[in-house]
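Pasting a structure here, questions to come.
Bear in mind that the values here come from a model prediction, so they are computed numbers and not experimental data. Chain letters run A, B, ... following the sequence lines, proteins first and then strands; every chain starts at 1.
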There are 2 protein chains.
Amino acid sequence: MITVQPSASREDYLKAIYVLEDEGQGPVSTNALSERVQAKPASVSGMLKQLAEGGWVDHTAYRGVSLTAAGRGIAVDVIRRHRLWEVFLVDRLGFGWDEVHDLAEQLEHVEHAELMNRLDAFLGHPAFDPHGDPIPRSDGTVVDPRRLITADALLPGQSAVVKGVVDSSDGFLRHLDALGIGLGTAFEVSEWHGFDGSATIAGKGLWTAAVLRNLYVEING
Amino acid sequence: MITVQPSASREDYLKAIYVLEDEGQGPVSTNALSERVQAKPASVSGMLKQLAEGGWVDHTAYRGVSLTAAGRGIAVDVIRRHRLWEVFLVDRLGFGWDEVHDLAEQLEHVEHAELMNRLDAFLGHPAFDPHGDPIPRSDGTVVDPRRLITADALLPGQSAVVKGVVDSSDGFLRHLDALGIGLGTAFEVSEWHGFDGSATIAGKGLWTAAVLRNLYVEING
DNA sequence: TTCATTTTTTAGGCAGGACTAAAAATAAAT
DNA sequence: ATTTATTTTTAGTCCTGCCTAAAAAATGAA
């Protein structure tokens, strides 16, 4: 089989492997991948064979999979496309940050050499997407100079600004909307409640542990 | 087979049938369709069976195919999506009118209920695409109040404005660019040359018959 | 009407990408 | 160490869209 261009489906797999490789360490298991791409492990096995033949991944049977340089390049580009589209959808079309994921999943597979560079310029070369994730540059580098921690690591009296989310599921994002929390929201921890991990936030009431550990923040100063 | 949602491929077929039905009159032949969608007649036959089963077309063997109301609705919507994306690509991203067709072919198949309405609003509810073709409304109506004729029907001394093109192939569009002709170009026919159908255009030199019969214009006044 | 030509359909395949069921390899537990 | 449980892979199907080759229907000419 001579496959020159990864199909949409293959791009999805490469992206998924990239993310999972980033989260955990070491090669990615077939099971984890199957969960991520919403396919049965058997289907994943088949796809991995293709990806290995295409030179996009290294795969040893029963030992997990990892990206080659070529595969990583494609994965990063797919992520770049995804995040640029998200910026467009939220900043220009006025979608909520909880509404754009599925749409961007479709748009990211549109094939065109020049399109993303033009969209990037049109959007003003944004560095981060609507969820606070860094947007890879066209040369494949991913730059994120921020020093982010999760909000559950803040000390009482510290103030911080929300810069991203750990969990970017629709449900969590809508919950944040309901609480009035978004990117750029500044706050100060008044008091921790050790019993359930929640904290009182100055002027904003109580935030639960589940919320706090899913917020990426930058400490003020 | 129970098919609720037309696939990208089926949408392409419905769009092609719509266009061909518009051009010629009466049902569309398998051959004409096969040419249009770049597939063999045998493949078209198979697809027509599917489309008929889905209730999108009426198809009698050897008698050609025509759209049902449902099929026409989808075809018009695909065209709407295609043309709105073209406006975006040309007006906002700065692509040339000869560069956007293939890209719009991909974008038109992105499935999302709200997307096109938002894009439409973002673009200021444009009535025409970069080639001068009318953009269907979201209710499925196609409104074009213009009285367009092709430029080869102008009389000497008449002045007119270019409003569209009959042939929107890349090659013709680039040729128009080279001649300095675009939508909105105003001109006046000085003299016809019966021998080859060309005409002298006041201040703009000679335009050939091939150019003139592929320009839609509105007469001034 | 009959023959030749064109158009369309049927029949049989192939590739991609998913599935289920079953086998094989690894990991865990006794 | 041997059995048990889990993970992963193989084997065999299916569906979608395309293909080619061949058969059948329609059309046009003689």
Within a reach of under 6.0 Å around CD of E111(B), are more than 12 heavy atoms found that belong to other residues, nucleotides or ligands?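 Atom CD in E111(B) is packed in, count exceeds 12.
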
Send over the distance from E53(B) CD to dC15(D) P, rounded to a whole Å.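 So the two atoms are 13 Å apart, to the nearest Å.
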
May I have all residue pairs that pass salt bridge (Lys or Arg N to Asp or Glu O under 4.0 Å) and include part of residues 91-103 of chain B, sequence neighbours excluded?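 Found D98(B)-R174(B).
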
dG17(C) phosphate, OP1 or OP2: any side-chain N/O from S7(A) under 4.0 angstrom?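 It does, given that an N or O in the side chain of S7(A) lies less than 4.0 Å from OP1 or OP2 of dG17(C).
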
Side-chain N or O of Q50(B) versus OP1/OP2 of dT16(D): is the shortest distance under 4.0 Å?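 Checking Q50(B) against dT16(D): no side-chain N or O falls below 4.0 Å of OP1 or OP2.
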
What one-letter contact string describes nucleotides 2-10 of chain D from 5' to 3', where B marks a base within less than 4.0 Å of any protein heavy atom, S marks contact via sugar-phosphate atoms alone, and - marks no contact? -----SBBB

What integer distance in Å separates Q38(A):CD from dA18(C):P?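 Rounding to the nearest Å, CD of Q38(A) and P of dA18(C) are 12 Å apart.
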
Classify the angle between the aromatic ring planes of F88(B) and W85(B) as parallel (below 30°), tilted (30 to 60°) or perpendicular (above 60°).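 Answer is perpendicular, since the angle exceeds 60°.
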
Is any side-chain nitrogen or oxygen of R10(A) closer than 4.0 Å to OP1 or OP2 of dG17(C)?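 R10(A) to dG17(C) OP1/OP2: side-chain N or O found under 4.0 Å.
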
May I have the distance from K40(B) (atom NZ) to dC19(D) (atom P), rounded to whole angstrom?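 To the nearest whole Å, that distance equals 6 Å.
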
Would you list the atom pairs, donor with acceptor, under 3.5 Å between side chains in residues 112-125 of chain B and any protein atom, with sequence neighbours excluded?
residue, atom, partner, partner atom, Å
H112(B), ND1, E114(B), N, 3.1
H112(B), ND1, L115(B), N, 3.2
N117(B), OD1, R80(B), NH2, 2.9
R118(B), NH1, L93(A), O, 3.1
R118(B), NH1, G94(A), O, 2.8
D120(B), OD2, H125(B), ND1, 2.9

In whole angstroms, how far is the P atom of dG17(C) from the CD atom of E11(A)?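 Between P of dG17(C) and CD of E11(A): 11 Å.
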
Does one side chain, of S29(B) or N31(B), offer a donor that lies under 3.5 Å from an acceptor on the other?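 There is no such pair (donor and acceptor under 3.5 Å, judged by atom type) between the side chains of S29(B) and N31(B).
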
For the residue pair W97(A) and D129(A), confirm or rule out a side-chain donor-acceptor distance under 3.5 Å.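 No, because no side-chain N or O of W97(A) sits under 3.5 Å from a partner of the opposite role on D129(A).
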
